[in-house]
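Computed over heavy atoms, backbone and side chain alike; hydrogens, waters and symmetry mates excluded.
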Amino acid sequence: MKSNRLSAPTEELFFASSLSAAAARNLQRQAAAGGLIRVYKGVYAPPASDEELAAVVRRNWQRVAGVAVPGGVVSHFSAMKGGVLPSGELTLSHPTVFNKKVVLPGLSIRVVRGPGPLPGDLAMGTSGIHYAGRTRMLLENIGRKGNLRAPREDVEGLLVLVLNASGEKALNDIRDQAAALAPALGAEKALEELRSIIGALLGTHTKGELRTREGLAVARGSPVDQERVVRFEALAAHLRVEPLPRIESTVAGVARQHFGFIESYFSNYVEGTKFDIEQARDIVMSNVIVPNRPKDSHDILGVFRLALTSPFRDSPPVAGPEFLEGLEHWHAEMLKLRPEANPGKPKLEVNYAGSTKFVEPAYVRGTLDEGSRLALSVPEGLARAVYYAFLVSEVHPFDDGNGRLSRLVMNAELTRTGLSRIIIPTLYHPQYVDCARALTRGNDPRGFVRSLAKMARWASRFDYSNLDMLIRCLRATNALEESPAQFRLLNADGSYEA
């Protein structure tokens, strides 16, 4: 039922279509009296400066476009670039209302001829418009150059990202979907060009023309971040000769569960999922989900579950082309209640930690393939576990959860070989990060290897059979503190190791 009242004063825009006829007429009267600004037929805004009004319209572009061009589909260059372009332009396709431009404050809607929603297009809430699906968007951006379409290199670049993130099947699916959509779009020529690009990327078309560096690298095989591979080789060479302790695992039964809890608690805490340790204990040991933090609660449960369950506990992903697929499975399981983190889906955009730039998406698959094969040249046990920790962290294959995943893979190798798992407590994490940074920036593996060997010794010295006593002991060692400038990390017996 439509409301007889106007929206609350905090509304940025008023839409007559959501009101009763009487309330809609009231909007018209207020606009005529100067109390509201008429943005478009049926769309009104509170008084504002030109700049403020433009910003309001841009923020609400989906609903405004739904009123101006109901049934339209965000298409062509706009679909490739996420909607409204920096210039304020938005391209919509419509089957009957086209070849027109709707100019509004902060928004210029260009309406071109094209079909309404097709299979794969996405409804944009209740706005009345749709967003072109990926395959439709690719077809629409192939063709005559001009401001309607993205450069062909952008099309190729997106296909490279899809290939490296999701594999060959994803490109074959796009090719099949494009064949089904092309007739409705009148895009037979675009279909042939799209097939040519995909064929070249998959190595099935010898005449396909690729223009991007990433595309050409894919055509030659899985592209690899050579700078990272050199770094992995430096670490592997050091680990082959560095004498490392062999600390056999002694935890079993309930002690194993307590160890898994502490491992998950610290692994999440250092990544920003911060709970008091007693509160985290209730989450893991009693399944008490914190009402206002359900997703953070499940983050702790996710790592805990993988730390205790095979194959995640004791079988690192298979080296080679399957390594990324293995990580995808682990990541999907770890973050299955975090849909915004894209569980199980490799990143499509490069990620950073401060000034450190991780491996570009197009190079993730090949770099993990080659890097994981190199792991097999490193001695089993702690040496290979250290290598795995750096490999996953340095590539950073996902949008989120990479640090936690790197430590799980590291510990899986330790459990596989009967060794004690590693815990990196809050107080030591800054030093661990500094050592990893020295390897990333200077190819110096010594500090990184020493830091994890030290944490292997540190974690092995606690009695995990009684959780109350374990937590008290951790507090006494300063493990829960955050400032290395104020505290020193002590061993379980109170001694200190520099």
So that I can tick it off, tell me whether [Y] and [X] are bridged by a salt bridge, with the cut-off set at under 4.0 angstrom between side-chain N and carboxylate O.
{"X": "R281", "Y": "D468", "answer": "yes"}
{"X": "R404", "Y": "E263", "answer": "no"}
{"X": "R313", "Y": "E333", "answer": "no"}
{"X": "R231", "Y": "E227", "answer": "yes"}
{"X": "R246", "Y": "E248", "answer": "yes"}
{"X": "K189", "Y": "E192", "answer": "no"}

| task | Report the relative orientation of the aromatic rings in Y388 and F323; use parallel for angles under 30°, tilted for 30 to 60°, perpendicular for over 60°. | result | parallel
| Lys/Arg cation over aromatic F275: R293, 6.0 Å, 45° cone | yes
| request: Start with the C-alpha distance between Q62 and Y131, add both sets of side-chain angles, then the distance that settles side chain to side chain contact (heavy atoms under 4.5 Å, CB included), and finish with yes or no. | output: CA-CA 10 Å; Q62 298 177 21; Y131 199 97; over 6 Å; no
Measuring from [X]:[atom1] to [Y]:[atom2], what's the distance to the nearest 0.5 Å?
{"X": "E380", "Y": "L376", "atom1": "CD", "atom2": "CG", "answer": "9.0 Å"}
{"X": "R407", "Y": "N402", "atom1": "CZ", "atom2": "CG", "answer": "10.0 Å"}
{"X": "E271", "Y": "H429", "atom1": "CD", "atom2": "NE2", "answer": "5.5 Å"}
{"X": "K357", "Y": "T440", "atom1": "NZ", "atom2": "OG1", "answer": "14.5 Å"}
{"X": "M137", "Y": "H76", "atom1": "CE", "atom2": "NE2", "answer": "12.0 Å"}
{"X": "E325", "Y": "L368", "atom1": "CD", "atom2": "CG", "answer": "10.0 Å"}

| Y352 and H396 aromatic centres sub-6.0 Å | no
Student check: side-chain heavy atoms of [X] and [Y] closer than 4.5 Å:
{"X": "E370", "Y": "F232", "result": "no"}
{"X": "S249", "Y": "T415", "result": "no"}
{"X": "W330", "Y": "L405", "result": "yes"}
{"X": "L90", "Y": "V74", "result": "yes"}
{"X": "R416", "Y": "S315", "result": "no"}
{"X": "L158", "Y": "M80", "result": "yes"}
{"X": "F358", "Y": "V364", "result": "no"}

| message | Between S75 and S93, is the side-chain hydrogen bond (donor to acceptor under 3.5 Å, both in side chains) condition met? List the steps. | response | CA-CA 6 Å; S75 62; S93 290; 2.7 Å; yes
| query | If you draw a 6.0 Å radius around CE in M469, do more than 12 non-hydrogen atoms from other residues or ligands fall strictly inside? | reply | no
| task | Using the salt bridge (charged side-chain N to carboxylate O under 4.0 Å, His left out) rule, pick out the option among R338, R305, K336, K274 that qualifies with D299. | result | R338
